[in-house]
2 protein chains.
Amino acid sequence: MTATKNKVTIRDVARLAGVSYGTVSRYLNGNEHVSERAAQRIAQAIEESQYTPNNAARSLAQQRTSTIAFIVQVESIFTLLQASTTAAMAEANQILGDAGYQMVTLIANSDDSTHRIAQLVHSDFADGYLLFSLSEDDSLAKIFRTAHRPVVLSEASDRSTDVSYPAVDFANADGQRDITRFLLDRGKTRLAYVCGPGYSPSSSKRLQGFKQAMGSRYDDNRVYYADDWEITSGEMAAAAFEPILHDLDGIVCANDNIAIGVINQLHRMGYRVPEDIAVTGFDDSPIATMMDPKLTTVRQDSWMHGRAMSQLLLSMLRGETVGPHTVTLLPTEIVTRQSA
Amino acid sequence: MTATKNKVTIRDVARLAGVSYGTVSRYLNGNEHVSERAAQRIAQAIEESQYTPNNAARSLAQQRTSTIAFIVQVESIFTLLQASTTAAMAEANQILGDAGYQMVTLIANSDDSTHRIAQLVHSDFADGYLLFSLSEDDSLAKIFRTAHRPVVLSEASDRSTDVSYPAVDFANADGQRDITRFLLDRGKTRLAYVCGPGYSPSSSKRLQGFKQAMGSRYDDNRVYYADDWEITSGEMAAAAFEPILHDLDGIVCANDNIAIGVINQLHRMGYRVPEDIAVTGFDDSPIATMMDPKLTTVRQDSWMHGRAMSQLLLSMLRGETVGPHTVTLLPTEIVTRQSA
DNA sequence: CTGTTAGCGCATTCAA
DNA sequence: TTGAATGCGCTAACAG
């Protein structure tokens, strides 16, 4: 109980238990060649001395760190505020923690931070990496070439790059297709679409899903290409559609924020939602239920996203080989509320 | 350029540069006793060999890790989704990164994770700690007793506990007082208050600010004590106020979510905001501008929160002594929008 | 200014 | 089964 400042090492424990510190090490690492008697005495010694193994020393000797890095790559730091990222992060933390790994989160939002992270990765500071990217920039993905450690991406990219890792993503195309069909089935056939920004793989996948559902009804003149995923873009889209609004009975949006902007603008222009024009979102973000009318949207379970990524990484850590182009697509689900 | 898997160490660099590895180490650590000539050759050798110092080894020898842990303590993992946490985290990451520290984020949301984190802390895995707590539970704060490393808290607690560290918090009382006065000054004098949950220090501080502004006008019968910070609580509060609503011209809410709930419910009951009843929030969260009417609220700059905490920690790391009871209060600001 | 040496705390051979 | 020895990659104190 004497709380001396001097850190207690494995040798102290050994002395206390009356064994050599090699034995303590074996005990600590679950080696079977430790007698029952020794084990008991060591256990007690550890308890008494409040011993905790030193992380750095263990990593150095063992050449592994027992930590997983969750790296978030964002163009603007504001993107980070999206709840989806946090949810995935929290769930990954949970799953990895249960598996004995400590997850650490790193944010790459500048050349500086990217460089710092590259350094870390290069020095093998983690046993595995979850790269949660909200940007099409693959400069970060490249830094893993030097690391001989498993990596899992959060987004399936279409682009054929020189670097490739297994990815877990949502079935974006299917989700957008399904909710579009949902509208069509309910008689809303004169639909416009607000597409997400061009730099995002999700954008094109979702547009693709919309096209697929619309078939011959698809008309590129009724697609607005937004510059980002924000509310303002939705407002601009609705304003741009003004001339053809009277001929529309639905607007399918590439995400919830845009949908909210669309609804706001429609209200201002005197249209009722969904009576005059139905509007759908995508993501099922927290604000979807805060709006009036509440958003009918496509739900993506971000928790599941984090979970699936972690589990994949864990299996790779266990030695299972996973092809670098393996893509897991997570299902989405239509949530019917008020806006459509 | 031969990308051998064998990690390149400081000795390889030394050999390449034709010096002893002690010299390389000095160079790496900015020691002045390195000749210009040696420095140049070492720099080149590092470049050629793509050398990156090994983290674990450095930590072990140096007894410091160059990492700071940002620990988030949440009762429910959902609390984590609040944008304020993420903002503070992002900014802290930036500030600490600039100072040469790598920030890692840990989430404590269960006994399990708390225990894991305690282990880490006990093993001195970081040089300093930012404890971002959204709960009054101080079990986490206790684990730092064994760590002889600086700690900064995100919230000033009133409770006298056995553990205490410097804290950075917002001037909650002042903010609530100011916005209440703002209403009073505009002739809204028949005010009710929706208080936050009892477990939060912020709750009582804000209520205190409201009381202060109201003075003799204060009436405890016109205060609703919510169980949490969520929208639903706001709805319940407004419903509870129903009997006295006709005699009210303003409702001051302890946070934005609650305010939104109040507004929703008021609308349902046929009241107009702000014409009939003005409503104010607190936090200036993202949803404050998404609502109709947009929220008049008290802004807390979460980025600044993260920044101030980091800077305080950095100064402690530099050796400046900061009393364990030092509390820095950050200013708040009234944001006038539509709801009041 | 530079080479040499002794640890940092632990895992892991190798003998015993 | 266990103890002793060696090294993980690097820093820092010491001579030179």
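Just so we're on the same page: letters track the sequence lines, and every chain starts at 1.
The nearest whole Å value for the distance from the NE2 atom in B:His122 to the P atom in C:dG9 is 13 Å.
Within 6.0 Å of the CD atom in B:Glu36, the count of heavy atoms belonging to other residues, nucleotides or ligands does not exceed 12. In this structure, B:Gln63 places its CD atom where more than 12 heavy-atom neighbours from other residues, nucleotides or ligands lie under 6.0 Å away.
In this structure, the side chain of A:Ser49 does not engage the main chain of A:Val13 through any donor-acceptor pair within 3.5 Å. A distance-only check finds no donor-acceptor pair linking the side chain of A:Arg58 to the backbone of A:Pro53 [under 3.5 Å]. In this structure a side-chain-to-backbone donor-acceptor pair under 3.5 Å is present from A:His305 to A:Ser154. At least one donor-acceptor pair closer than 3.5 Å links the side chain of B:Arg149 to the backbone N or O of B:Ala126. No side-chain donor-acceptor contact under 3.5 Å links A:Asn55 to the backbone of B:Phe125.
Within residues 31-42 of chain B, the residues having any heavy atom under 4.0 Å from DNA chain C are, by residue number, B:His33, B:Val34, B:Ser35, B:Ala38.
Taking the six-membered ring where the residue is Trp, A:Phe70 and A:Phe132 present parallel rings, their angle staying beneath 30° rather than reaching 60°.
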Under the criterion side-chain hydrogen bond (donor to acceptor under 3.5 Å, both in side chains), I'd like the reasoning laid out for B:Asn54 against A:Ser123: C-alpha separation, chi angles, the key distance, then a yes or no.
CA-CA 5 Å; B:Asn54 176 299; A:Ser123 74; over 6 Å; no
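Note on A:Tyr51: only backbone sugar-phosphate atoms sit closer than 4.0 angstrom, heavy atoms only; bases stay farther off. Contact annotation for B:Ser25: base contact, defined as any heavy-atom pair under 4.0 Å involving a base atom.
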With the sugar-phosphate defined as primed atoms, P, OP1 and OP2, and the base as all remaining atoms, what B/S/- string results for nucleotides 3-8 of chain C, 5' to 3', for protein heavy atoms under 4.0 Å?
BBBBBB
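To the nearest 0.5 Å, atom CD1 of residue A:Ile71 and atom CG of residue A:Leu131 are 6.0 Å apart.
Contact footprint of chain B on DNA chain D: nucleotides with an atom under 4.0 Å from a non-hydrogen protein atom, first to last in 5' to 3' order, D:dG9 to D:dA13.
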